[in-house]
Amino acid sequence: MKQFGHTRTKVTPNHAFITPDTHVKAPIVGWDNAEAITLISPHMGARFTMYIALIEENGNVGPAGEGVERFIFVLNGRLIFDDGNKETAMAGGWYAYCPADAKYTIRAASGSQMVLIERPYLPLAGYDAPEMIIEHENHKQSAAFLGDEDAQLKLLLPDDPRYDMGVNLFRFKPGTPLPFVETHVMEHGLMMMQGGGVYRLDDNWYPIQQGDVIWMGSYCPQWFGALGKEDAIYLYYKDINRDPLLGK
Ligand code: UGY
Ligand code: MN
């Protein structure tokens with residue numbers, strides 16, 4: 001039962017834990033019949049944004065800002081992604097990487113929800129811009145994380161220096177932890193997609209379940225242990241392939 005005046009949501013200077021009961025929807029200029037829940041943004045100290053987009057049938061989501069790259073992951077419904085050459089029908093599990101300033105449209109064929117991750121793209125001297133990617137997560141292979149077959153990591157984007165973001169699906173068998181408390185320069189934006197467990201962020205331990213979202217700032221000590229009857233799966237973003245000193 002929901003307790004009046006209480007929530008599991010907590011926002012701190014270097015991490016945030018956001019639960020669905022605290023979501024607030026708002027329209028976004030350039031989106032039609034669609035609203036966003038802005039879960040993570042520079043207003044909390046992050047260097048990227050992460051939204052849930054709620055799109056009505058025939059609604060659409062406008063382009064990202066100038067110079068801003070975008071990753072989308074479809075949660076449910078059916079979206080038509082048009083890259084100018086071909087249309088792809090995207091249901092749950094489909095995802096796209098849209099390079100900064102790419103031309104494309106996203107329209108909902110039925111009421112749909114997706115996760116969006118956006119940040120200013122950091123070009124890399126000597127390399128071309130990255131390419132658009134439209135894929136389904138079932139087409140990607142996972143691999144054991146640091147030798148543990150019970151922790152399977154699936155990279156959704158190529159291991160290629162042109163890409164300055166990584167987005168992964170991490171699947172844990174119940175009882176499986178991250179092998180150590182990580183502390184690193186990369187940020188994360190995370191959504192629990194299935195199952196749950198306990199997430200350590202700084203000196204806090206949070207019970208986590210499907211629908212919960214986390215921002216981890218640079219150097220936020222982080223650890224996870226999966227609990228329950230089903231595998232825990234989370235989707236997460238990290239900034240990669242750029243010099244932290246030079247920002248490129
Ligand atoms: O890629 C990562 O840094 C990952 N192992 N972090 C995490 O799951 N919190
Ligand atoms: Mn990490």
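Numbering of residues begins at 1 and proceeds along the displayed sequence. One-based numbering, in listed order, for ligands and for the atoms of each. In this text, all values refer to a predicted model and were calculated from it rather than measured experimentally.
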- Query: Tell me, which N, O or S atom in Glu182 is closest to the Mn ion (ligand 2)?
  - Reply: OE1

- Message: Is Phe145 close enough to touch ligand 1? Criterion: a residue heavy atom under 4.0 Å from a ligand atom.
- Response: yes

- Going by distance alone, is a donor N or O of one side chain under 3.5 Å from an acceptor N or O of the other, for Glu182 and Trp223? no

- Message: With side-chain contact (heavy atoms from CB on, under 4.5 Å) as the criterion, how do Leu169 and Ile233 come out once you've worked through the C-alpha distance, each side chain's angles and the decisive distance to 0.1 Å?
- Response: CA-CA 7 Å; Leu169 280 169; Ile233 304 177; 4.1 Å; yes

- Task: Report yes or no: does a heavy atom of His184 sit under 4.0 Å from some atom of ligand 1?
- Result: yes

- Message: Is a donor from one side chain sitting under 3.5 angstrom from an acceptor on the other, for Thr9 and Thr19?
- Response: yes

- Query: Got an N, O or S from Met186 under 2.8 Å of the Mn ion (ligand 2)?
  - Reply: no

- Task: Name the orientation class of the two ring planes belonging to Phe17 and Tyr206 (parallel below 30°, tilted from 30 to 60°, perpendicular beyond 60°).
- Result: parallel

- Query: Under 4.0 angstrom from ligand 1, any heavy atom of Phe180?
  - Reply: no

- Measure the acute angle between the ring planes of Tyr237 and Phe48, then classify it against the limits of 30° and 60° as parallel, tilted or perpendicular. tilted

- Note on the structure: Within the 4.0 Å heavy-atom cut-off, what Phe224 brings close to ligand 1 is neither

- Query: Roughly how far apart are Lys238 NZ and Met216 CE, rounded to 0.5 Å?
  - Reply: 10.5 Å

- Give the numbers and elements of all ligand 1 atoms closer than 4.0 Å to a heavy atom of Tyr234. 7 (C), 8 (O), 9 (N)

- Is any N or O atom of Tyr236, backbone or side chain, closer than 3.5 Å to an N or O atom of ligand 1? yes

